Amino acid sequence: MPQPTAYLNGDFVDLNDAKISIVTHAFNYGTGVFEGIRGNWNEENQQLYIFKLKEHINRILNSAKIMRFEPELSNQQMCEIIIKLVEKNDYKEDIYIRPIIYKSSEIVGLRMHKLEDDFLVYIVPFGDYLDPSKGINCGTSSIRRIDDSMVPVRAKVTGIYVNNSMAKTEAFLNGYDEAIMLNMDGHVSEGTGENIAIIKNNKIISPSVSDNILEGITLETALDIAKKDLSLDIERRTIDRSELYIADEVLMTGTAAHITPVVSIDKMKIGNGKPGPISKKLQEKYFAIIKGQDNDYGEWLTKIF
Ligand code: PMP
């Protein structure tokens, strides 16, 4: 097996040689913005499909803008680097692509201005993150989702993820698969790496974009499928914690998590405690799309081999 390749400092290099200094600003202060993008392997036609590459790069550039970063590369240039890197690594399995724009200056001091930016990318083989077939058990976290007035929540900032990691560990220590984070107002925000939606009376409801969520690409995909293919009504609005318990179905969406049904929250069963019919239909369509088995949404895919 050849050495995996990464992209760092404008070059393709062996992953083992892709190192940064301990003085790097982003390492010390969390001053990076990043993405998680999936490449999905289709064994039958021996193709890897990157899902919504442009959309992810759009989001990283928006994150960069919000953080006052000034990256030199355009969306197209970043996409080209990622496609080349995926080709070079030649994985024939599901992968996770991690681009980061980060403050690369080797400098001590708190600021965003007058620092250099670099763009790096690495790839790792990546199977299931949560269990999309059995569904997951969630607990409401005592750790609130960070507020947009503290660190911009629609920017995917590396430093923010201390908040999410602590909530995930608390959930794990309490025996849950994933945390549900409330926002500072006490309303439902999201999972630690996933958006959340409830299904009630054939309507799919997800927190509004001003409930301190990351504006998820998988959620948007799921809502598109729900509307176009399942003819469900969609609502974006603030959700109370107690609404979760009496929903017909609850699901989480994320690049890593795909569409994952939530079967219990705070030890209370959701519905009959099994993945619900609408979640299953959404999942089925979504998996067909991301694996290139559904021609309806071909424009969302970048074909590699
Ligand atoms: N919320 C948070 C905090 C996340 O990290 C992620 C993963 N990027 C999501 C939601 C889901 O976003 P997406 O579907 O774009 O991966």
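All of these numbers come straight from a predicted model, not from anything done at the bench. Numbering starts at 1 and runs along the sequence shown. Numbering of ligands and ligand atoms starts at 1, following listing order.
- Scanning the protein for heavy atoms near atom 5 (O) of ligand 1, the closest one is Y161 OH, 2.5 Å.
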task = Kindly indicate, with the supporting measurements, whether the criterion salt bridge (charged side-chain N to carboxylate O under 4.0 Å, His left out) is fulfilled by E243 and R237.
result = CA-CA 12 Å; E243 285 184 87; R237 63 159 171 83; 2.8 Å; yes
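- Of the charged side-chain nitrogens involved, at least one lies within less than 4.0 Å of a carboxylate oxygen, so that K285 and D296 count as a salt-bridged pair.
- Annotation: F34 is in aromatic contact with Y161 [ring centroid separation under 6.0 Å].
- Of the protein's non-hydrogen atoms, the one nearest atom 11 (C) of ligand 1 is N195 OD1, 3.6 Å.
- Remark: among candidates G193, A167, G191, the nearest residue to atom 9 (C) of ligand 1 is G193, based on non-hydrogen atoms.
- No side-chain N or O of T260 forms a donor-acceptor pair with one of E194 less than 3.5 Å apart.
- Considering both main-chain and side-chain atoms, T255 comes within under 3.5 Å of ligand 1 through a nitrogen or oxygen pair.
- The protein atom (non-hydrogen) at minimum distance from atom 14 (O) of ligand 1 is T218 OG1, 2.6 Å.
- Among all non-hydrogen protein atoms, the one lying nearest atom 12 (O) of ligand 1 is G216 CA, 3.6 Å.
- Close approach of ligand 1 to N164 (heavy-atom distance below 4.0 Å) involves ligand atoms 3 (C).
- When E215, E220, E190 are ranked by how near their heavy atoms come to atom 10 (C) of ligand 1, first place goes to E190.
- Taking CG from N9 and CG from L120, the interatomic distance works out to 9.0 Å, rounded to the nearest 0.5 Å.
- Between D224 and Y297, the side chains place no donor N or O within less than 3.5 Å of an acceptor N or O (distance only, hydrogens not considered).
- The side chain of K156, and not its backbone, has at least one atom closer than 4.0 Å to an atom of ligand 1 (non-hydrogen atoms only; side chain from C-beta on).
- M252 and I217 end up in different hydrophobic clusters when Ile, Leu, Val, Met, Phe, Trp and Tyr side chains are linked at under 4.5 Å.
- In this structure, T192 counts as a contact residue of ligand 1, since one of its heavy atoms falls inside 4.0 Å of the ligand.
- In this structure, K103 forms no cation-pi arrangement with Y29, as its terminal cationic atom is not both closer than 6.0 Å to the ring centre and no more than 45° off the ring axis.
- Contacts with ligand 1 closer than 4.0 Å are made by no heavy atom of I213, backbone or side chain.
- Short contacts between ligand 1 and I217, defined as distances under 4.0 Å to a heavy atom of the residue, involve ligand atoms 13 (P), 14 (O), 15 (O).
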